[in-house]
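Structure, as structure tokens:
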Amino acid sequence: MPATDTSVTDALHARRSVRAFTDKPVDPALLKQIFAAAQRAPSGGNLQPWQATVLTGEPWQAVKDAVAARIAMGREGYEPEYDIYPKGLIEPWTDRRFGVGEALYASLGIPREDKAGRLARFMDNYRGFDAPVMLFLHCSRIMGPPQWSDMGMWLQSVMLLLVEAGLASCPQECWAMYGATVRRTLALDDGQILFTGLAIGHADTDAAVNQWAVPRVSLDEVIDWQGF
């Protein structure tokens, strides 16, 4: 990858879920370097359960078209792979989820009562926010929670390496709502389960949706120090 002075700390602070991309293409050779480096992500028993399908151009458009057709069917079109959020979610997690959504729409100037405007913006998810590249992360259905954790560590590694390379990304579990459609379009067999999409490209730095501050809770809410 190109030489860079970006530290891991820099990359962590710079990384965000980008929701507006330019149409500038992404160098596939650079992506190969990033994925090769991400192979160093930790994996229990060295299973390396992650598998990815990376799309651009016509194959990427084919997925968008196929999912759009399912969305047009309404609730009958849903083909969820798993529950993205747990049933019975309670505070403080409900507040965090609601809060980040409200902040996102506020950055776009879309009030809560503008249901049509919010729905139209939500549908941008299924265009990958116009990213030129989409990565779909999947694994064998025989894998369990520890291996899904491994996939998350691989994905985080990819996202930080993208930042280091001057690229941006947005992890998108929303594609799992139409997982079977995505898998069929990618010619993945039923032995695979779709985990998430990852939109990849160059951030539109002028877009308001890429500029609002994403809150994080304090250490006191997540760390219990013992014996220090």
Side-chain angles (χ1 to χ4, degrees), residues 15-26 53-87 89 93-138 155 159 162 167-186 194-216:
R15 191 217 65 80
R16 65 176 295 140
S17 294
V18 165
R19 293 180 172 87
F21 293 85
T22 72
D23 58 3
K24 182 179 179 180
V26 177
T53 303
V54 185
L55 310 174
T56 193
E58 291 184 6
W60 173 207
Q61 186 62 50
V63 173
K64 288 184 279 189
D65 291 345
V67 170
R70 295 296 299 190
I71 292 173
M73 297 170 61
R75 296 196 66 84
E76 292 183 2
Y78 286 168
E79 298 174 303
E81 297 280 72
Y82 58 88
D83 292 327
I84 294 177
Y85 298 104
K87 292 181 172 66
L89 195 66
W93 304 289
T94 49
D95 288 347
R96 294 175 190 170
R97 183 185 176 195
F98 176 80
V100 76
E102 287 302 303
L104 187 155
Y105 288 118
S107 75
L108 296 167
I110 305 175
R112 192 175 184 186
E113 59 271 17
D114 185 0
K115 303 298 185 183
R118 290 193 170 200
L119 178 60
R121 182 62 198 186
F122 178 77
M123 293 307 296
D124 288 346
N125 279 280
Y126 294 104
R127 291 185 286 274
F129 306 111
D130 296 322
V133 175
M134 175 59 67
L135 179 153
F136 286 110
L137 184 59
H138 45 93
L155 191 68
M159 289 189 288
L162 287 167
L167 294 168
S169 65
C170 184
Q172 294 187 275
E173 291 174 316
C174 65
W175 293 99
M177 294 298 297
Y178 300 94
T181 296
V182 174
R183 286 188 283 104
R184 283 194 297 269
T185 310
L186 299 181
L194 179 69
F195 172 28
T196 188
L198 182 71
I200 298 172
H202 296 269
D204 180 352
T205 55
D206 293 329
V209 74
N210 290 335
Q211 297 175 9
W212 58 282
V214 182
R216 288 293 188 264

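Since the model is a prediction, treat every value here as computed from it, not as a measurement. Numbers for residues simply follow the sequence, beginning at 1.
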What one should report as the nearest heavy-atom pair of Tyr78 and Arg70 is O-NH2, 4.4 Å

Contacts of Arg184 meeting salt bridge (Lys or Arg N to Asp or Glu O under 4.0 Å) (sequence neighbours excluded), chain-then-number -> Glu79

For Trp175 and Asn125, the nearest pair of non-hydrogen atoms, with its separation, is CZ2-O, 3.5 Å

Those residues at least two apart in sequence (or on a different chain) that pass salt bridge (Lys or Arg N to Asp or Glu O under 4.0 Å) with Glu102 are Arg118

Of Thr56, Leu167, Leu55, the one forming a side-chain contact (heavy atoms from CB on, under 4.5 Å) with Val133 is Thr56

(message) Check whether Tyr85 reaches the backbone of Thr94 with its side chain - one donor and one acceptor, N or O, closer than 3.5 Å.
(response) no

On a heavy-atom basis, the closest approach of Ser17 and Pro171 is OG-CD, 3.6 Å

Note: Ala203 and Val18 closest approach over all heavy atoms is CB-CG1, 3.9 Å

In the structure I gave you, are the side-chain heavy atoms of Phe136 and Trp60 within less than 4.5 Å of one another anywhere? yes

From the list Leu135, Leu137, Ile200, Leu198, side-chain contact (heavy atoms from CB on, under 4.5 Å) partner of Val54 resolves to Leu135

Rounding to 0.5 Å, atoms NE2 (His202) and NZ (Lys24) come to a distance of 4.5 Å

For Glu173 and Ile84, the nearest pair of non-hydrogen atoms, with its separation, is O-CD1, 3.3 Å

Sequence neighbours excluded, the answer for ring-ring contact (aromatic ring centres under 6.0 Å, His included) partners of Tyr82 is Trp148

Those residues at least two apart in sequence (or on a different chain) that pass side-chain hydrogen bond (donor to acceptor under 3.5 Å, both in side chains) with Arg183 are Glu81, Asp190

To the nearest 0.5 Å, atom CG of Asp130 lies from atom CG of Asp204 at 9.5 Å

Sequence neighbours excluded, the answer for side-chain hydrogen bond (donor to acceptor under 3.5 Å, both in side chains) partners of Gln61 is Asp65

Heavy atoms of Thr185 and Ala66 approach each other most closely as OG1-CB, 3.5 Å

Using side-chain heavy atoms (C-beta onward) and a distance below 4.5 Å, is Ile71 in contact with Tyr178?
yes

Here the gap from Met159 atom CE to Leu162 atom CG, rounded to the nearest 0.5 Å, amounts to 8.5 Å

When rounded to the nearest 0.5 Å, the distance separating CZ of Phe122 from NZ of Lys115 is 14.0 Å

Contacts of Ala199 meeting side chain to side chain contact (heavy atoms under 4.5 Å, CB included) (sequence neighbours excluded), chain-then-number -> Phe21, Ala131, Met134, Cys170, Gln172

So Leu108 and Leu104, do their side chains get closer than 4.5 Å, heavy atoms only? yes

Can you tell me if Asn210 uses its side chain to pair, donor with acceptor, with the backbone of Arg19 under 3.5 Å? yes

